[in-house]
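The structure appears below as structure tokens.
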Amino acid sequence: MANITDEQLEKEFKRIDKNNDKSITIQELRQYYVPMQEMLGISQEAAEQEIQGIIKRLDINQDGRISFEEFKKFMKGC
């Protein structure tokens with residue numbers, strides 16, 4: 001992945017974190033992800049499977065939310 005700055009990651013994180021509570025919930029991820037998938041012609045069921053996979057990969061502490069640190073580790077490949 002290209003060298004992405006923490007500031008760029010934070011900006012993208014905030015786009016997904018609609019309520020600004022410093023974590024991304026599965027509902028926020030759906031609001032962000034599903035419209036893009038529908039635009040690409042991907043079924044809602046396939047989009048939901050992808051969302052579940054994203055949560056599983058990023059939610060390191062398994063609290064049902066993605067923190068900025070979890071997001072950053074994933075995006076930077078750490």
To the nearest 0.5 Å, atom CD1 of I60 lies from atom OG of S67 at 7.0 Å
Using the rule that two of Ile, Leu, Val, Met, Phe, Trp, Tyr join whenever any of their side-chain heavy atoms come within less than 4.5 Å, decide whether F13 and M36 are in one cluster.
yes
Test: K72 and D6 ion pair at under 4.0 Å
yes
Are E10 and K14 close enough for a salt bridge, meaning some N to O gap below 4.0 Å?
yes
If we ignore hydrogens and angles and just use 3.5 Å, is the side chain of Q8 paired with the main-chain N or O of T5 as donor and acceptor?
yes
Got a second to check how far Q49's CD is from S43's OG, nearest 0.5 Å?
7.5 Å
Is there a donor-acceptor pair closer than 3.5 Å between any side-chain N or O of E70 and the backbone N or O of N61?
yes
Hey, any chance V34 and M39 share a hydrophobic cluster, counting ILVMFWY side chains that come within less than 4.5 Å of each other, even indirectly?
no
I need the I51 CD1 to Q44 CD distance, nearest 0.5 Å.
8.5 Å
For residues F71 and K76, determine if any side-chain heavy atom of one lies less than 4.5 Å from a side-chain heavy atom of the other.
no
For the residue pair Q27 / Y32, report whether a side-chain donor-acceptor contact shorter than 3.5 Å exists.
no
Approximate separation, where rounding is to 0.5 Å, of N20 CG and K18 NZ
9.5 Å
Is it true that I42 and I54 fall in one hydrophobic cluster, defined by side-chain heavy atoms closer than 4.5 Å?
no
Atom CG of N19 and atom CD1 of I24: how far apart are they, to the nearest 0.5 Å?
10.5 Å
To the nearest 0.5 Å, what is the distance between CG on L29 and CG on D17?
11.5 Å
Quick one: does Q52's side chain get under 4.5 Å of I26's, heavy atoms only?
yes
F74 vs I66 side-chain heavy atoms within contact, under 4.5 Å:
no
Start with the C-alpha distance between D21 and R65, add both sets of side-chain angles, then the distance that settles side-chain contact (heavy atoms from CB on, under 4.5 Å), and finish with yes or no.
CA-CA 11 Å; D21 68 351; R65 303 165 101 55; 2.6 Å; yes
Before accepting this row, confirm whether a basic side-chain N of the pair E28/K22 lies closer than 4.0 Å to the acidic partner's carboxylate O.
no
